[in-house]
Amino acid sequence: MERIIEHKTLGLVTLRKVRRSRSLKISVRSEGVLVTLPFAASFDAALRFLQEREDWALRTLQKVRVKEERGKTKFTPETDFGTYSRKVQLFPDDRQNVRVKVRPDVVEIYYPAARDINDPVLQEVIRKAVEHAWKVEAHEVLPTRVKALAEQHGLSYKRLSIRSARSRWGSCSAENSINLSIHLMHLPEHLIDYVILHELCHTRHKNHGPTFWALLEEMTNGKARTYDRQMKAHSTSVY
């Protein structure tokens with residue numbers, strides 16, 4: 001059970017009840033702040049807990065985002081970068097706007113030759129072009145993969161939505177509708193499957209209790225915890 005709020009200084013904050021949790025905890029990632037709390041605790045108590053530690057959370061969030069910015073790819077015509085199934089190539093162009101063409105095996109991004117390729121604004125526009133390619137690929141790959149894994153493991157879901165969410169890789173609603181982020185397209189294939197299986201498990205178990213993990217371990221041949229640790233090396237924001 002969880003609640004997502006828009007905090008006045010911290011941005012997106014997720015309040016999540018965890019059965020195994022014995023105390024309130026705060027974790028900070030570039031995409032936002034997560035407060036975990038025991039099932040017996042109230043969301044109001046979690047907000048008070050966060051308020052007492054707001055200054056620390058803000059300082060930590062700023063440090064994390066500075067570190068993330070340093071880790072971002074600098075896109076130039078010489079940059080070796082690929083999406084899920086395509087190579088990204090940049091070309092200077094006489095036009096004033098960035099254009100993107102998603103071809104079967106390559107993403108062609110044309111940028112204004114008159115502008116400095118290192119301009120942070122231009123770099124962000126190029127990242128948006130890469131995200132456009134991920135969106136195309138996500139619609140090519142994810143519906144078929146979700147359907148195949150659901151059938152393989154005897155699970156069912158109401159519908160699949162593919163979004164540009166940065167706050168999470170995926171989610172499953174109370175009605176068993178699955179949401180997946182286009183940012184899955186920069187994960188290794190086995191972790192894409194892991195995220196899908198994780199959300200499919202939530203069609204049976206709405207929490208992260210022992211029965212949830214037992215099912216997920218069964219569906220991943222005992223590698224669920226390993227894959228979960230590997231996910232921590234990836235971010236929806238750094239690319």
Side-chain angles (χ1 to χ4, degrees), residues 4 6 11-12 29-32 64-149 157 159-173 177-196 198-199 231 233-239:
I4 299 175
E6 183 71 31
L12 280 181
R29 297 182 181 180
S30 60
E31 58 267 26
V64 167
R65 286 179 173 167
V66 167
K67 183 178 180 180
E68 173 193 278
E69 189 64 32
R70 291 173 181 163
K72 282 186 176 179
T73 300
K74 181 74 72 173
F75 288 100
T76 71
E78 293 75 35
T79 301
D80 183 12
F81 187 88
T83 64
Y84 177 78
S85 59
R86 294 170 171 87
K87 183 173 179 58
V88 174
Q89 294 183 335
L90 273 69
F91 302 96
D93 190 62
D94 291 336
R95 302 191 189 188
Q96 297 303 307
N97 298 319
V98 172
R99 295 181 297 128
V100 57
K101 294 182 180 179
V102 181
R103 303 193 185 279
D105 59 352
V106 66
V107 179
E108 297 176 352
I109 299 175
Y110 298 85
Y111 67 93
R115 292 185 63 180
D116 180 3
I117 189 65
N118 296 306
D119 177 357
V121 174
L122 180 55
Q123 286 288 313
E124 191 59 32
V125 173
I126 291 171
R127 285 190 176 85
K128 292 297 183 185
V130 171
E131 289 183 16
H132 171 73
W134 282 336
K135 184 176 182 179
V136 171
E137 290 181 334
H139 283 275
E140 291 173 346
V141 172
L142 295 178
T144 301
R145 196 63 190 142
V146 172
K147 184 174 184 292
L149 288 171
Y157 57 97
R159 66 172 62 90
L160 170 66
S161 297
I162 298 171
R163 300 175 179 175
S164 301
R166 286 176 179 260
S167 60
R168 58 177 66 189
W169 299 105
S171 64
C172 178
S173 73
S177 292
I178 290 177
N179 301 305
L180 296 175
S181 170
I182 64 170
H183 291 271
L184 287 172
M185 294 296 98
H186 63 89
L187 289 182
E189 192 166 15
H190 72 283
L191 291 183
I192 295 175
D193 279 358
Y194 169 71
V195 172
I196 294 171
H198 185 111
E199 301 312 332
M231 288 296 298
H234 299 275
S235 169
T236 56
S237 301
V238 178
Y239 56 91

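Interatomic distance, CD of Glu140 versus CD1 of Ile162, reported as 10.5 Å (0.5 Å rounding). Phe75 contributes atom CZ, which lies 13.0 Å from atom CD of Gln89 (distance to the nearest 0.5 angstrom). A distance of 9.5 Å separates OH in Tyr157 from CG in Leu149, rounded to the nearest 0.5 Å. Of the inter-residue distances, the one linking Ile126 atom CD1 with Lys74 atom NZ reads 10.0 Å to the nearest 0.5 angstrom. The line from CD of Glu199 to OG of Ser171 is 6.0 Å long, rounded to the nearest 0.5 Å. Between atom CG of residue Leu180 and atom NE2 of residue His139 there is a gap of 10.5 Å, rounded to the nearest 0.5 Å.
The backbone N or O of Ile182 sits nowhere less than 3.5 Å from a side-chain atom of Arg163 that would complete a donor-acceptor pair. Although no hydrogens or angles enter the test, the distance criterion places no donor-acceptor pair under 3.5 Å between the side chain of Ser181 and the main chain of Gly170. At distances below 3.5 Å, at least one donor-acceptor pair connects side-chain atoms of Gln123 with backbone N or O atoms of Ile117. For Thr144 (side chain) and Val141 (main-chain N/O), no donor-acceptor pair under 3.5 Å exists by modelled atom type. Without hydrogens or angle criteria, Gln96 side chain to Pro112 main chain gives no donor-acceptor distance under 3.5 Å. Judged by distance alone, the side chain of Arg127 and the main-chain N or O of Thr73 form a donor-acceptor pair under 3.5 Å. Judged purely by atom type and a 3.5 angstrom limit, Glu108 has no side-chain atom pairing as donor or acceptor with the backbone of Lys101.
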request  = Would you check, one step at a time, whether the test side chain to side chain contact (heavy atoms under 4.5 Å, CB included) holds for Met231 with Leu191?
outcome  = CA-CA 7 Å; Met231 288 296 298; Leu191 291 183; 3.9 Å; yes

task = Go through the steps to decide whether Ile4 and Leu12 satisfy the test side chain to side chain contact (heavy atoms under 4.5 Å, CB included), and finish with yes or no.
result = CA-CA 7 Å; Ile4 299 175; Leu12 280 181; 3.9 Å; yes

message = Test side chain to side chain contact (heavy atoms under 4.5 Å, CB included) on Arg159 and Ile178; report intermediate values, then the result.
response = CA-CA 6 Å; Arg159 66 172 62 90; Ile178 290 177; over 6 Å; no

task = Take Ile192 and Tyr84, measure what side chain to side chain contact (heavy atoms under 4.5 Å, CB included) needs, and give me the verdict at the end.
result = CA-CA 10 Å; Ile192 295 175; Tyr84 177 78; 3.6 Å; yes

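The aromatic rings of Trp134 and Phe81 sit tilted relative to each other, their planes meeting at an angle between 30° and 60°.
For the residue pair Ser164 / Glu131, no side-chain donor-acceptor distance below 3.5 Å is found, with atom types taken as modelled.
Shown here is Asp80, whose CG atom has no more than 12 heavy atoms of other residues, nucleotides or ligands within 6.0 Å. When the shell of 6.0 Å around NZ of Lys147 is examined, it contains 12 or fewer heavy atoms from other residues, nucleotides or ligands. Under a cut-off of 6.0 angstrom, the local environment of CZ in Arg115 is crowded, with over 12 non-hydrogen atoms contributed by other residues, nucleotides or ligands.
Looking at heavy atoms from C-beta onward, Leu142 lies in side-chain contact with Met185 at the 4.5 angstrom threshold. For the pair Val102/Arg86, a side-chain contact is recorded, criterion being any heavy-atom separation below 4.5 Å from C-beta on.
Listed here is the closest heavy atom pair of His234 and Pro188: CE1-CD, 3.8 Å. In this structure, Trp169 and His183 approach most closely via the heavy-atom pair CZ3-O, 3.3 Å. The minimum heavy-atom distance linking Val88 with Thr83 is given by the pair CG2-CG2, 3.8 Å. Taking every heavy atom of both residues into account, Asp116 and Leu122 meet most closely at O-CD2, 3.5 Å. Nearest heavy atoms, Ala129 versus Ile109: CB-CD1, 3.8 Å.
Taking a cutoff of 4.0 Å between a charged side-chain nitrogen and a carboxylate oxygen, Arg145 and Glu189 do not qualify as a salt bridge. With respect to Arg99 and Asp93, a salt bridge is recorded, a charged nitrogen being found less than 4.0 Å from a carboxylate O.
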